[in-house]
Protein chains: 2
Amino acid sequence: MNTPYHNNQEFLSHISIDSVVFGFHENELKVLLLELKDLEKYALPGGFVKKDETIEDAASRILKWRTGLDEIFLQQFKVFSSPDRSKDNPTIPIIKSLIPNIDISFYNDRFISIGFFALVEYTLVNPNPDELSIKCEWVNIDDAKNVIIDHSDIINGALEALRIQLNYSPIGYNLLPQKFTMPELQKLYETILGKQLDRRNFQRKILSYNILNRLDEKRVGVAHKSPYLYEFDLENYQKALENGLKSGW
Amino acid sequence: MNTPYHNNQEFLSHISIDSVVFGFHENELKVLLLELKDLEKYALPGGFVKKDETIEDAASRILKWRTGLDEIFLQQFKVFSSPDRSKDNPTIPIIKSLIPNIDISFYNDRFISIGFFALVEYTLVNPNPDELSIKCEWVNIDDAKNVIIDHSDIINGALEALRIQLNYSPIGYNLLPQKFTMPELQKLYETILGKQLDRRNFQRKILSYNILNRLDEKRVGVAHKSPYLYEFDLENYQKALENGLKSGW
DNA sequence: TTATCATTGTGTAACCATGACGCAATGTAA
DNA sequence: TTACATTGCGTCATGGTTACACAATGATAA
């Protein structure tokens, strides 16, 4: 079977990966979580590193399996290594009960987890649970509470890393549909930052980055004045990603 | 003997730590490197993680052994995981020849290395080589070229992380002596950033952070006009570390 | 002893980004 | 037809940034 829980001898011991997958839908920042069987607890999608792949490839492979997506925007942000995090891992009993002949010693070892965050377009994701989980679903980031081990720390760390990223990198291309309105983009920023921004100042600042093209279309069927649609100027967006937005020194 | 090369069963397999220790001396940014025996190559000070310590504790322990310093400012910045990095590790033959009865399989395994950078006051460091190295010494960052495996990537990554850090965190307390002049602090920033800054604008900006106290002393015995001495205002410095300097959103 | 000159302390004017807010146009819903 | 939330566009005050000017200092050279 194509899950990481069998044949665990193909993985490096002691090292795991946990990814915080961010999506944006209905003006809410969401995180992809697995609901574990019999536990009423959630867990981040994670996995292990094969003996001949980089951690980036591993994170990418794991998320492809979880979301169906190739080419996910992924970034490592922190390693979580408290010795406590390997004690009382509630997934181990599940694994043991579901896969009787498994070599459980692999999971009983201490694990250091490399935290990644991913930015994906909500609508493109096909959440895929596995043997250990009842379902794989989007959860509002504020509701992502009842999680195992230190996954709450990992989520908070990812959000913090994303907020910092916002200051010297454009964000949005990986989180929004191709066409979007200025208020939608602003709501994304507001949700990530956890605070309100002035509509007019936001527009001026984001336009000054020169990463947006305004289209000759407007969003129709919406209440009130219809807003323009924008798309990212991929060439300039890429340049901004590489050079960084001006910041400080 | 108190080196990591014996009793390697007390360490987690597959995981190593490499630290880029920055020091500042005679207006140059320096990195602490080990010169390896018989190789004419340099290596970053590194080590392994004990089975019951965090990676932060491990990095701290390793650097205490290398520098004699407690309470080093340390920060993880990236994990290096190319499978290639574990091939042809030139330290393995040295270990094998020096410690004949060692279990070399530990070192022959693939390693994922967690990169830390450290900021230390140059004059306080007592560089300590070990069995594998002829010496442990400060090398100008621009001359840190002839290094093993991917240590050059790690050094570059650390410098990049430090430059980003500069934008939302004060730097200097860990790198300068207690009393210093404004030109010295400026030179530190210039060296890290790799570019010249305007003297007067630098002073205005750094003073606006309110992390400096100007003393009623001047540096004496120096050519030309004698500059004031400054020290960091620890309370405000700490506050700035926690809250971050205003930056962007 | 005096002049030289690189360096430091202080200041200033033009420019740009930011924060706070005004107002007219739009388009659905009452 | 009117009400009203929302959008597009603009203004003004503030503060930070850039690019300089100028006098004071103090070792060094004449």
Side-chain angles (χ1 to χ4, degrees), chain A residues 26-27 163 166-170 176 179-191 193-231 240 243-249, chain B residues 26-27 163 166-170 172 176 179-191 193-231 236 240 243-249:
Chain A
E26 289 177 345
N27 284 342
R163 282 177 182 165
L166 227 50
N167 288 321
Y168 53 94
S169 208
L176 293 173
K179 298 176 181 182
F180 52 89
T181 66
M182 193 60 77
E184 285 162 2
L185 181 59
Q186 178 180 345
K187 199 73 193 164
L188 170 61
Y189 271 75
E190 289 182 336
T191 312
L193 292 168
K195 68 178 179 191
Q196 306 277 96
L197 300 172
D198 182 275
R199 187 172 63 85
R200 296 147 286 190
N201 296 335
F202 175 81
Q203 164 149 330
R204 191 181 29 190
K205 182 160 178 170
I206 207 89
L207 285 179
S208 76
Y209 294 162
N210 284 323
I211 54 169
L212 296 181
N213 292 329
R214 192 170 86 173
L215 305 176
D216 287 333
E217 306 174 62
K218 299 190 169 192
R219 172 129 305 164
V220 292
V222 68
H224 315 301
K225 183 168 179 176
S226 53
Y228 280 105
L229 286 172
Y230 290 82
E231 65 180 9
N243 306 335
L245 306 169
K246 59 110 205 49
S247 59
W249 299 97
Chain B
E26 290 177 346
N27 284 342
R163 282 179 182 162
L166 226 48
N167 288 322
Y168 52 95
S169 207
L176 292 173
K179 298 176 181 180
F180 52 89
T181 67
M182 194 58 78
E184 285 162 2
L185 181 59
Q186 179 179 345
K187 200 72 195 165
L188 171 62
Y189 271 74
E190 288 181 337
T191 311
L193 293 167
K195 69 177 180 191
Q196 305 277 98
L197 300 171
D198 182 276
R199 186 174 63 85
R200 295 146 289 189
N201 296 336
F202 175 80
Q203 164 149 332
R204 183 154 32 106
K205 181 160 177 169
I206 208 89
L207 285 178
S208 77
Y209 293 162
N210 285 324
I211 54 169
L212 296 181
N213 292 328
R214 192 170 88 174
L215 305 176
D216 287 332
E217 307 173 59
K218 299 191 169 193
R219 171 129 305 163
V220 291
V222 69
H224 316 302
K225 183 167 179 177
S226 53
Y228 280 104
L229 286 172
Y230 290 83
E231 64 180 12
N236 286 345
N243 306 335
L245 307 169
K246 61 110 201 49
S247 59
W249 299 97

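We use all heavy atoms of the structure for the numbers below, so side chains are in, but hydrogens, waters and symmetry mates are not. Just so it is clear: chains get the letters A, B, ... in the order the sequence lines come, proteins before strands, and each one is counted from 1.
B:Arg214 is linked by a side chain to side chain contact (heavy atoms under 4.5 Å, CB included) to B:Tyr228, B:Tyr230, counting only residues two or more places apart in sequence or in another chain. In this structure A:Phe202 satisfies the ring-ring contact (aromatic ring centres under 6.0 Å, His included) test together with A:Tyr189, B:Trp249, sequence neighbours excluded.
Checked by atom type and distance alone, the side chain of B:Gln186 pairs as donor or acceptor with a backbone atom of B:Leu197 at under 3.5 Å.
What you find for B:Ile211 and B:Ile206 is that their closest heavy atoms are CG1-O, 4.4 Å. Residues B:Thr181 and B:Pro227 approach most closely at CG2-CG, 3.7 Å, considering heavy atoms.
Separating the CG atom of A:Leu245 from the P atom of C:dT18 is a distance of 11 Å, rounded to the nearest angstrom. To the nearest angstrom, C1' of C:dG22 lies 11 Å from CZ of A:Arg199. Atom CG in A:Asn201 sits roughly 10 Å away from atom C1' in C:dA17 (whole-Å rounding). In this structure, A:Asp198 places its CG atom 10 Å from C1' of C:dT18, rounding to the nearest Å. As a whole-Å value, the separation of A:Gln186 CD from D:dG8 C1' is 13 Å. Nucleotide C:dG9 holds its P atom 13 Å from the CG atom of B:Asp216, rounded to whole Å. Following rounding to the nearest Å, A:Trp249 (CH2) and D:dG16 (C1') show an atom-to-atom distance of 12 Å. Rounded to whole Å, atom P of C:dT26 lies 19 Å from atom CE of A:Met182.
Ranking D:dT7, C:dG9, C:dT12 by closeness to the B:Tyr228 side chain, first place goes to C:dG9. Picking from D:dT7, D:dA19, D:dT11 the nucleotide with the shortest atom distance to the side chain of A:Pro227 gives D:dT7.
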Got a list of protein N/O to nucleotides 25-27 of chain D N/O distances below 3.5 Å?
residue: D:dT25; atom: O2; partner: B:Lys225; partner atom: N; Å: 3.3
residue: D:dG26; atom: OP1; partner: B:Ser226; partner atom: OG; Å: 3.0
residue: D:dG26; atom: O4'; partner: B:His224; partner atom: O; Å: 3.3

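An OP1 or OP2 oxygen of D:dC12 is reached within less than 4.0 angstrom by no side-chain nitrogen or oxygen of A:Arg200. Distances shown here put a side-chain N or O of B:Arg214 below 4.0 Å from the OP1 or OP2 atom of C:dT10.
Between A:Lys187 and A:Glu184, none of the side-chain N atoms (NZ, or NE/NH1/NH2) sits under 4.0 Å from a carboxylate O, so this pair counts as no salt bridge.
Residues B:Gln203 and A:Lys246 both approach DNA chain C. Their nearest nucleotides, taken by heavy-atom distance, put B:Gln203 toward the 5′ side.
Evaluation of atom-type donor-acceptor distances gives no pair under 3.5 Å for the side chain of A:Arg204 against the base of D:dG8.
Within 6.0 Å of NZ in B:Lys179 there are 12 or fewer heavy atoms belonging to other residues, nucleotides or ligands.
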